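Worksheet: one structure, shown below.
On a predicted model such as this, the values are computed, not experimentally measured, just so you know. Residue numbers count from 1 along this sequence.
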Amino acid sequence: MLKYYGITMKSILSLPELAGSKLLGGADGLHKLVTNVNVMEVPDILPWIKRGDFILTTGYAIKDDIEAQKSLIPQLAKQGAAGLAIKAQRYIETIPLYMIETANNLSFPLLQLPVEINFSNVISAVLSQLVNRQASFLEHSVTVHQQFTDLILNGGQLDQIALALADLIKAYVNLEDQLNLRSVIHPANIPVEVCDFFANTNTTAVKNSRSDSNRYYHHYLSLAGREVDSIVLPVVIEGKQYGWVKAVSMNQYFSAYELLTLERVCSIVALDILRQYNVTQVEIKYKAEFLSQLLISSDYDEKDFIDRARAFNWDLTASYATLLIEVMPEPKTNMPETVGQVEQDVKTAAALLIDSYCREQRLKYFLVNNDDGLVLFIEANTNKAKQKNSIDKFMHNIRLLMGNWQLTAGIGGSYKGYKGIKRSYREAKVALEL
């Protein structure tokens, strides 16, 4: 967002220190942002020109070189300069028509300064505006960052972040965590078109939108016969994208301050994604260790394990059938050193998908991610035929969720209680190995 620290050429023209200046050409480029002021009094200044420079000159370096006069504006435009101001009637009597025409063709602001203007006053005035604007942005940035950091430190999660962001920028907000398969929209009652935009951002919307920088995408939506503004920012962690921050403003276009707010929230969302992932990994470890202990335990440990299982909300007294699921990523030419991590990430993602599906279907189950694969214990149906049909349907739907991932499953019989769980697990493991 550093480019928003600049001020437009149009704003510079309105400064009192430039009173009497004339815009000779390039009016279509007055939106260009100035981030610095430079003075040209030597012909070889181009290597020192930076993007966003506002160039001041008396024209002395090119006063007798027509070719240099003709090529100056195209070269400055190519370097990314924001505009050129020439103090005429000193070394160049009048600014040539061909420079004005070039400025118009390239939408490059060309100003003529009165001879009495002092460069130092202009430079001081422009830099003061830039410093004030930068200070304002930095203050806003620190305030936003502190607000959302405090939210995270006080236990706020993705839904609280979305609520605070929506209230702050007065817009519809969608925060998406692709690593932990979470998505939050606030407020919940949003127009269908906005909901569709949020749902399709990952594919259609971003590809058809205009990238205003390397960090975000700008897209205009037509809702109820009027144009509304939307911004999409990827959440990137160590060079890899793990989510999205999306916003749609119904009443106004996003300002630079709101864009800055959205960018700062991206880093907060990244922290929450990593935190949730670490919590998930710890839970996976504890559940896997508990299941391993249960499977090798003696019968006299039954009561102890039934009591301990309640900490995970597992009821070991019910009847369960075991599904031992092995899931692998679709075949790709991965480097050997990354294959193990990819497989682990796929297992974690698959576990989240299966867990989400089971909750949506209101199944009674518990799920463990261990070295053998994903272990899913589903409450058994007393009718064997119905149970087989329900498990077949379940596996069909899980395969659809997995997409192109390779999925193999071993299924154990349904048995009651602590001993039944261990028996069903052994059967599922043998079936998977076969």
Show me the donor-acceptor pairs within less than 3.5 Å that the side chains of residues 265-274 make with the rest of the protein, sequence neighbours left out.
unit_1: S267; atom_1: OG; unit_2: R264; atom_2: O; d: 2.7
unit_1: D272; atom_1: OD1; unit_2: R275; atom_2: NH2; d: 2.8
unit_1: D272; atom_1: OD2; unit_2: R182; atom_2: NH1; d: 3.2
unit_1: D272; atom_1: OD2; unit_2: R182; atom_2: NH2; d: 2.8

**Request:** Decide yes or no on side-chain contact (heavy atoms from CB on, under 4.5 Å) for C358 and F394, but give the supporting numbers first.
**Result:** CA-CA 9 Å; C358 290; F394 176 87; 3.8 Å; yes

**Request:** Apply side-chain contact (heavy atoms from CB on, under 4.5 Å) to F377 and V375, showing your working.
**Result:** CA-CA 7 Å; F377 297 93; V375 190; 3.4 Å; yes

[atom1]-[atom2] distance between [X] and [Y], expressed to the nearest 0.5 angstrom:
X: L46; Y: L76; atom1: CG; atom2: CG; result: 6.0 Å
X: D372; Y: E433; atom1: CG; atom2: CD; result: 7.5 Å
X: L400; Y: L353; atom1: CG; atom2: CG; result: 12.0 Å
X: Q146; Y: T149; atom1: CD; atom2: OG1; result: 6.0 Å
X: E289; Y: L291; atom1: CD; atom2: CG; result: 11.0 Å

**Message:** I'd like to know whether W314 forms a ring-ring contact (aromatic ring centres under 6.0 Å, His included) with F290, so could you lay out the CA-CA distance, the side-chain angles of the two residues, the decisive distance to 0.1 Å, and finally the verdict.
**Reply:** CA-CA 11 Å; W314 297 354; F290 178 79; 5.6 Å; yes

**Prompt:** L106 and P74: which non-hydrogen atoms are nearest, and at how many Å?
**Reply:**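 In terms of heavy atoms, the two residues are closest at CD1-CA, 3.7 Å.
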
**Contact summary for D167 and H186, nearest pair of heavy atoms** =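 D167 and H186 have their closest heavy atoms at OD1-NE2, 4.4 Å.
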
**Prompt:** What residues, two or more places apart in sequence or in another chain, satisfy side-chain contact (heavy atoms from CB on, under 4.5 Å) together with S298?
**Reply:**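 By the side-chain contact (heavy atoms from CB on, under 4.5 Å) rule, S298 matches Y300, D301.
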
**Request:** Mind checking side-chain contact (heavy atoms from CB on, under 4.5 Å) for A349 and listing every partner two or more places apart, or none if nothing turns up?
**Result:**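 Partners of A349 under the side-chain contact (heavy atoms from CB on, under 4.5 Å) test: W405.
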
**Prompt:** Is the backbone of F54 close enough, under 3.5 Å, to the side chain of N36 for a donor and an acceptor to pair up by distance?
**Reply:**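 Between the backbone of F54 and the side chain of N36 there is no qualifying donor-acceptor contact (under 3.5 Å).
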
**Prompt:** After noting the C-alpha distance and the side-chain angles of L181 and D355, does the key distance pass the side-chain contact (heavy atoms from CB on, under 4.5 Å) rule?
**Reply:** CA-CA 11 Å; L181 303 181; D355 186 64; over 6 Å; no

Side chains of [X] and [Y] only: does a donor on one sit below 3.5 Å from an acceptor on the other?
X: Y257; Y: S136; result: yes
X: Y242; Y: N180; result: no
X: Y253; Y: E227; result: yes

**Item:** Near-ring test Y286/F312, centroid separation under 6.0 angstrom
**Value:**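 Ring centres of Y286 and F312 not closer than 6.0 Å.
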
